[in-house]
Amino acid sequence: MPTWKEVTAANPQHSHNYAQRWKMMQSQGKDIDGEARLIDAMVPRGAKILDAGCGTGRVGGELAARGHEVVGVDIDPILIEHAQHDFPESTWVVGDLSTDPIPHGGFDIAVSAGNVMGFLDPAGREPALRHIFESLRPGGRFVVGYGAGRGWAFTDFLKLAAKVGFDQQFLSSAWDIQPFAEDSGFLVAVLAKPE
């Protein structure tokens with residue numbers, strides 16, 4: 001699976017096309033807020049939320065509109081520009097989850113939607129999970145979703161998350177909490193940093 005940097009290097013228009021796709025889906029009335037609804041239901045009003053691999057700010061922007069303090073981090077400066085333009089009330093930072101410590105720690109919850117985990121370089125997976133883990137307050141949770149076939153088997157992801165220190169709280173096969181099975185094509189994992 002190519003990393004995001006490899007995808008954008010091969011196609012300089014990729015980031016613009018990606019941003020436009022979400023805007024078109026929203027203009028067509030499609031529901032693009034399922035991830036944000038789940039995260040919103042898991043935290044109290046005014047929670048401090050990290051959108052890890054935030055892209056255009058689609059998830060974090062909706063969470064900010066629901067009354068949360070959001071910091072988004074993404075490797076792609078073009079997508080961060082979209083987030084800053086569309087959701088100026090939140091903090092959007094260009095950063096690499098694998099190499100850069102996450103600013104503004106003490107998060108109640110972190111979310112990683114949109115197959116972010118599948119775009120990480122294999123050598124950067126453990127550092128990315130460590131950075132997210134370290135950014136959470138004790139007891140904070142990390143909710144991550146990505147599809148099968150993205151180059152990171154679900155069992156391998158869960159083993160590495162445990163190695164980093166996360167406790168596994170819940171697994172689902174979709175953002176609307178469908179049961180997870182061994183042959184599920186999508187994983188939503190709720191992980192927690194111990195108290």
Side-chain angles (χ1 to χ4, degrees), residues 18-19 21-23 25-27 29-97 100-117 119 128-146 161 164-172 174-178 186-195:
Y18 177 84
R21 186 181 101 211
W22 286 108
K23 289 179 184 191
M25 287 171 60
Q26 188 173 32
S27 73
K30 298 201 172 154
D31 180 9
I32 63 169
D33 297 324
E35 301 100 329
R37 284 195 304 275
L38 175 62
I39 300 305
D40 181 55
M42 294 175 67
V43 293
R45 292 300 101 211
K48 189 172 180 184
I49 300 176
L50 169 66
D51 190 348
C54 64
T56 61
R58 172 182 66 86
V59 175
E62 178 63 21
L63 288 165
R66 291 171 181 249
H68 302 292
E69 178 186 344
V70 175
V71 174
V73 176
D74 198 279
I75 197 168
D76 192 320
I78 293 169
L79 298 183
I80 289 293
E81 285 178 20
H82 282 274
Q84 290 169 335
H85 177 268
D86 295 344
F87 308 105
E89 68 281 2
S90 296
T91 301
W92 307 104
V93 179
V94 175
D96 186 332
L97 295 171
D100 302 328
I102 295 169
H104 312 284
F107 294 101
D108 299 303
I109 198 165
V111 58
S112 183
N115 289 308
V116 170
M117 293 295 116
F119 286 109
L129 290 177
R130 285 196 187 284
H131 287 142
I132 294 167
F133 182 86
E134 290 165 0
S135 76
L136 294 168
R137 65 164 174 76
R141 293 187 283 180
F142 177 36
V143 184
V144 57
Y146 72 101
V164 166
F166 282 111
D167 292 331
Q168 181 180 305
Q169 288 190 329
F170 182 79
L171 301 180
S172 174
W175 288 96
D176 62 352
I177 313 299
Q178 297 299 315
F186 199 83
L187 169 69
V188 175
V190 179
L191 308 171
K193 181 176 183 175
E195 290 281 356

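Here, residue 1 is the first one in the sequence, and each next residue gets the next number. Quantities reported herein were computed from a predicted structural model and do not represent experimental measurements.
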Salt-bridge contact [X]-[Y] (side-chain N to carboxylate O under 4.0 Å):
| X | Y | value |
| --- | --- | --- |
| Glu35 | Arg58 | yes |
| Lys23 | Asp86 | yes |
| Arg66 | Asp33 | no |

Is there a side-chain contact between [X] and [Y], using heavy atoms and a 4.5 Å cut-off?
| X | Y | value |
| --- | --- | --- |
| Phe119 | Asp76 | no |
| Phe107 | Ile109 | no |
| Leu97 | Val73 | yes |
| Trp175 | Val143 | yes |
| Met117 | Leu129 | yes |
| Leu191 | Asp167 | no |
| Leu50 | Val111 | no |
| His104 | Thr91 | yes |

Whether the side chain of [X] engages the backbone of [Y] through a donor-acceptor N/O pair (distance < 3.5 Å, no angle test) should be reported.
| X | Y | result |
| --- | --- | --- |
| Lys48 | Glu69 | no |
| Ser112 | Ala52 | yes |
| Asp74 | Gly55 | yes |

For [X] versus [Y], what's the shortest heavy-atom pair and its separation?
| X | Y | result |
| --- | --- | --- |
| Glu89 | Gly61 | OE2-O, 4.1 Å |
| Val70 | Ser90 | O-CB, 3.5 Å |
| Gly165 | Pro194 | O-CD, 3.4 Å |
| Ala36 | Val59 | CB-O, 3.9 Å |
| Ala189 | Leu171 | CB-CD2, 3.7 Å |
| Val94 | Pro77 | CG2-CA, 3.8 Å |

Inset, instruction - May I ask you to check whether Phe142 and Phe133 place their ring centres under 6.0 Å from each other? - result: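 Not under 6.0 Å, so no.
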
Inset, instruction - Give a yes or no on this: more than 12 heavy atoms of other residues, nucleotides or ligands lie within 6.0 Å of atom CD of Gln26. - result: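 Counting neighbours around CD of Gln26, 12 or fewer heavy atoms of other residues, nucleotides or ligands fall under 6.0 Å, so no.
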
Separation between [atom1] of [X] and [atom2] of [Y], rounded to the nearest 0.5 Å:
| X | Y | atom1 | atom2 | answer |
| --- | --- | --- | --- | --- |
| Ile39 | Arg141 | CD1 | CZ | 8.5 Å |
| Asp96 | His131 | CG | NE2 | 9.0 Å |
| Thr56 | Leu79 | OG1 | CG | 6.5 Å |
| Ser135 | Lys193 | OG | NZ | 7.5 Å |

Inset, instruction - Let me see the working for Ile102 and Glu134 under side chain to side chain contact (heavy atoms under 4.5 Å, CB included), right down to the final yes or no. - result: CA-CA 8 Å; Ile102 295 169; Glu134 290 165 0; over 6 Å; no

Legend entry - Side-chain donor-acceptor contact under 3.5 Å, Asp40 with His68: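 Yes, His68 and Asp40 have a side-chain donor paired with an acceptor closer than 3.5 Å.
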
Inset, instruction - Would you please classify the geometry between the Trp92 ring and the Phe87 ring as parallel, tilted or perpendicular, with 30° and 60° separating the classes? - result: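 Judged by the thresholds at 30° and 60°, the geometry between Phe87 and Trp92 is tilted.
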
Legend entry - Candidate list Leu38, Leu187, Val188, Val190, test side chain to side chain contact (heavy atoms under 4.5 Å, CB included), partner Ser172, passing option: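 Running side chain to side chain contact (heavy atoms under 4.5 Å, CB included) over Leu38, Leu187, Val188, Val190 with Ser172 returns exactly one hit, Val188.
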
